[in-house]
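Letters go in sequence order (proteins before strands), and every chain restarts at 1. The analysis underlying the following values was restricted to heavy atoms, covering all of them including side chains, and did not include hydrogens, waters or symmetry mates.
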Amino acid sequence: MAVCIAAFAKENYPLYIRSVPTQNELKFHYTVHTSLDVVEEKISAVGKSLGDQRELYLGLLYPTEDYKVYGYVTNSKVKFVIVVDSSNTSLRDNEIRSMFRKLHNSFTDVMCNPFYNPGDPIQSKAFNGIVSGMMVQTG
Amino acid sequence: MADEAPFQFLHSELIQYIYKSADTEDTENGRNISKLENLGCRVGQGLIERLTKDAPRFKDELDIMKFICKDFWTCLFKKQIDNLRTNHQGIYVLQDSQFRLLSHLSAGKQYLDYAPKYLAFTCGLVRGALSNLGLRSVVTAEISDMPACKFQVLIQKM
């Protein structure tokens with residue numbers, strides 16, 4: 001389903017990045033890092049424009065030729081970014097939403113693990129498993 | 001509720017443990033308090049992550065403080081903060097007229113000297129919760145007459 005999944009701490013450094021094995025993994029790193037600007041923009045827009053802007057799910061951040069980039073920000077300002085292939089048109093907004101939901105739930109478990117230091121890169125097996133599950137479904 | 005008694009017992013036991021395992025008991029008071037506070041801080045960070053999972057994004061600082069006073073406090077102590085005051089410049093005073101962790105000590109002045117150690121963990125909880133929501137703060141507690149206490153939160157501007 002997804003080709004790249006990343007998590008960023010509130011100070012915008014990466015906690016976790018994983019992409020499908022390919023030659024130019026660097027491109028995915030580049031894509032998710034640039035998406036942070038869009039995330040920042042969307043967050044700072046809250047409060048200025050009233051309305052439904054207060055959801056954690058930020059929706060489609062921007063489409064590129066080959067990929068679509070979706071964003072999600074938790075209340076603790078941890079950002080999740082999912083990159084999917086543009087050719088995958090069957091993917092609905094709701095599915096993306098539930099993927100983020102799963103990521104967030106799993107992240108919460110990581111956070112509540114007393115052996116995890118907040119701010120460290122995520123090395124949890126459970127989290128890794130969830131992410132793998134989302135990437136594999138491509139078939 | 002069945003889950004509040006274990007928390008109280010665990011909390012009392014935690015204080016006992018920290019104070020017993022300290023090397024020199026009398027002079028180390030400050031260090032024990034900060035140990036308790038740091039424990040609370042880590043717990044607060046984790047707890048707020050879980051509690052805000054389904055909450056909408058916060059608008060501003062006051063919105064966050066309200067969440068602490070209502071949802072966070074209810075989760076911990078089965079009641080809300082009784083009074084929240086602010087000067088709108090980063091100082092918040094949270095008043096609890098029946099603080100649960102003190103309510104099992106006798107009211108009055110008798111144990112007033114022992115009270116600070118029962119508040120340190122909670123101060124840490126609040127500090128940890130706020131720090132995870134992106135607010136750096138200093139939290140201090142104040143007791144005037146026993147089951148009632150005040151928490152002063154000083155938000156530090158980045």
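Around atom NZ of B/K79, more than 12 heavy atoms belonging to other residues, nucleotides or ligands sit under 6.0 Å away. Counting heavy-atom neighbours within 6.0 Å of B/F9 CZ, excluding the residue itself, gives a total of 12 or less. The environment of NZ in A/K10 is crowded: more than 12 heavy-atom neighbours from other residues, nucleotides or ligands sit within 6.0 Å. The 12-atom threshold is exceeded at CD of A/E11, counting heavy atoms of other residues, nucleotides or ligands nearer than 6.0 Å. At most 12 non-hydrogen atoms from other residues, nucleotides or ligands lie less than 6.0 angstrom from OH of A/Y30.
Looking at B/D60, there are no atoms closer than 4.5 Å to chain A (heavy atoms on both sides), in backbone or side chain. With a 4.5 angstrom heavy-atom cutoff, B/R50 touches chain A via backbone and side-chain atoms both. For A/N113, the part lying near chain B is the backbone, with the side chain staying farther off; criterion is any non-hydrogen pair under 4.5 Å.
The only member of B/K53, B/R57, B/E49 that meets side-chain contact (heavy atoms from CB on, under 4.5 Å) when paired with A/T74 is B/E49.
Looking at heavy atoms from C-beta onward, A/R101 lies in side-chain contact with B/D54 at the 4.5 angstrom threshold. A 4.5 Å side-chain heavy-atom check between A/P118 and B/R42 finds at least one atom pair inside the cut-off.
For the pair B/N132 (side chain) and A/S76 (backbone), a donor-acceptor distance under 3.5 Å is absent.
Note: the hydrophobic cluster containing B/L125 does not contain B/L10 (ILVMFWY, side chain heavy atoms under 4.5 Å, direct or indirect links). Placement of B/V93 and B/I143 in two distinct hydrophobic clusters is found when ILVMFWY residues are connected by side-chain heavy-atom separations under 4.5 Å, directly or transitively.
Of all the heavy atoms in B/G46 and A/C112, the pair that sits closest is O-SG, 3.4 Å.
Looking only at heavy-atom pairs under 4.5 Å with chain B, the residue among A/N117, A/N75, A/T108 that has the most is A/N75.
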